[in-house]
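As a basis for the values below, the full set of heavy atoms in this structure was taken, side chains included, without hydrogen atoms, waters or symmetry mates.
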Amino acid sequence: QVDVTAMARLFGYVDVTDSGFIAAVFSIAFNPLFWNVVARWEHKTRALSRVFGSPHAACYCLGAVILMLNCVRSHCFTEAMKSQPKLEGLDCHWAYYSGLAILAVGTLFVISSFLALGFTGTFLGDYFGILMEAKVTHFPFSVLDNPMYWGSTAVYLGWSLM
């Protein structure tokens with residue numbers, strides 16, 4: 001026997017038929033699928049490097065596309081959050097400031113990861129044959145194995161609470 005009361009309660013707070021929600025879910029799922037498929041394709045074929053004339057130019061172009069897709073994802077997420085029902089218990093100062101703190105920590109991890117890896121290290125340069133001289137082991141990688149992913153997750157969680 002499966003108790004579905006928790007799911008039934010959840011659907012009272014999430015409107016899965018809302019077009020903004022559907023767009024957000026699609027963009028959240030599409031982005032990593034897209035960049036991983038493109039990066040693996042580049043690694044196998046070197047097609048982007050040939051088209052752009054160098055692995056660096058190709059990596060920078062893919063990075064720009066990823067950044068644009070992330071802007072679309074953030075917009076879709078924000079619009080979905082605006083149109084979804086709100087939990088009454090989260091409409092208070094402690095929830096807002098907790099969300100703000102989580103967002104700040106997430107932003108710290110994302111920015112420090114980017115600074116530690118650089119543009120090509122962040123945007124899949126290894127698939128283009130652009131390798132770092134050594135493994136990055138200082139902050140934030142000394143604290144978390146995947147600080148960019150955890151930081152991004154924290155940003156969206158904090159944003160949701162706010």
Side-chain angles (χ1 to χ4, degrees), residues 2 7 10-11 13-84 99-162:
V2 176
M7 284 302 288
L10 175 66
F11 283 122
Y13 292 108
V14 179
D15 180 6
V16 295
T17 63
D18 176 53
S19 61
F21 179 82
I22 294 167
V25 169
F26 176 76
S27 66
I28 290 166
F30 175 78
N31 285 8
L33 177 67
F34 169 79
W35 71 63
N36 279 295
V37 167
V38 170
R40 289 171 191 261
W41 175 69
E42 167 63 17
H43 183 68
K44 287 183 181 183
T45 66
R46 298 290 184 227
L48 291 175
S49 292
R50 283 193 307 274
V51 167
F52 287 99
S54 79
H56 282 85
C59 183
Y60 278 98
C61 286
L62 178 61
V65 170
I66 291 170
L67 286 171
M68 285 187 279
L69 286 171
N70 286 342
C71 289
V72 170
R73 176 184 64 188
S74 294
H75 172 74
C76 290
F77 182 84
T78 302
E79 293 304 308
M81 292 304 298
K82 288 180 190 175
S83 66
Q84 290 295 308
L100 188 61
I102 293 168
L103 186 139
V105 169
T107 302
L108 173 69
F109 281 124
V110 169
I111 291 173
S112 60
S113 297
F114 179 80
L115 293 174
L117 295 171
F119 193 91
T120 57
T122 300
F123 294 106
L124 308 166
D126 52 336
Y127 288 90
F128 292 84
I130 306 167
L131 303 176
M132 300 189 75
E133 292 181 22
K135 182 179 179 179
V136 178
T137 57
H138 56 78
F139 185 82
F141 294 91
S142 60
V143 178
L144 294 169
D145 283 337
N146 300 297
M148 185 73 73
Y149 294 130
W150 285 110
S152 295
T153 302
V155 165
Y156 284 105
L157 173 62
W159 205 342
S160 299
L161 289 172
M162 291 171 63

With a cut-off of 3.5 Å and sequence neighbours excluded, list every side-chain donor-acceptor pair involving residues 126-136.
none

Hey, could you give me the [atom1]/[atom2] distance between [X] and [Y], rounded to the nearest 0.5 Å?
X: Ile66; Y: Cys59; atom1: CD1; atom2: SG; answer: 8.0 Å
X: Leu33; Y: Ile28; atom1: CG; atom2: CD1; answer: 14.0 Å
X: Cys76; Y: Ile22; atom1: SG; atom2: CD1; answer: 11.5 Å
X: Asn36; Y: Asn31; atom1: CG; atom2: CG; answer: 11.0 Å

For residues 140-153, please give each side-chain donor-acceptor pair under 3.5 Å, one per line with the distance, not counting sequence neighbours.
| residue | atom | partner | partner atom | Å |
| --- | --- | --- | --- | --- |
| Ser142 | OG | Phe139 | N | 3.4 |
| Ser152 | OG | Met148 | O | 2.9 |
| Thr153 | OG1 | Tyr149 | O | 2.9 |

Got a sec, which residues hit side-chain contact (heavy atoms from CB on, under 4.5 Å) with [X], two or more places apart in sequence or on another chain?
X: Thr45; value: Trp41, Ala47
X: Leu67; value: Phe119, Phe123
X: Thr78; value: Lys82, Trp159
X: Ala101; value: none

With a 4.5 Å heavy-atom cut-off, do [X] and [Y] have their side chains touching?
X: Cys61; Y: Val65; value: no
X: Tyr156; Y: Met81; value: no
X: Val38; Y: Leu48; value: yes

**Asked** Between the side chain of Asp18 and the main-chain N/O of Gln84, is any donor-acceptor distance below 3.5 Å?
**Response**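 Checking the backbone N and O of Gln84 against the side chain of Asp18, no donor-acceptor pair under 3.5 Å is found.
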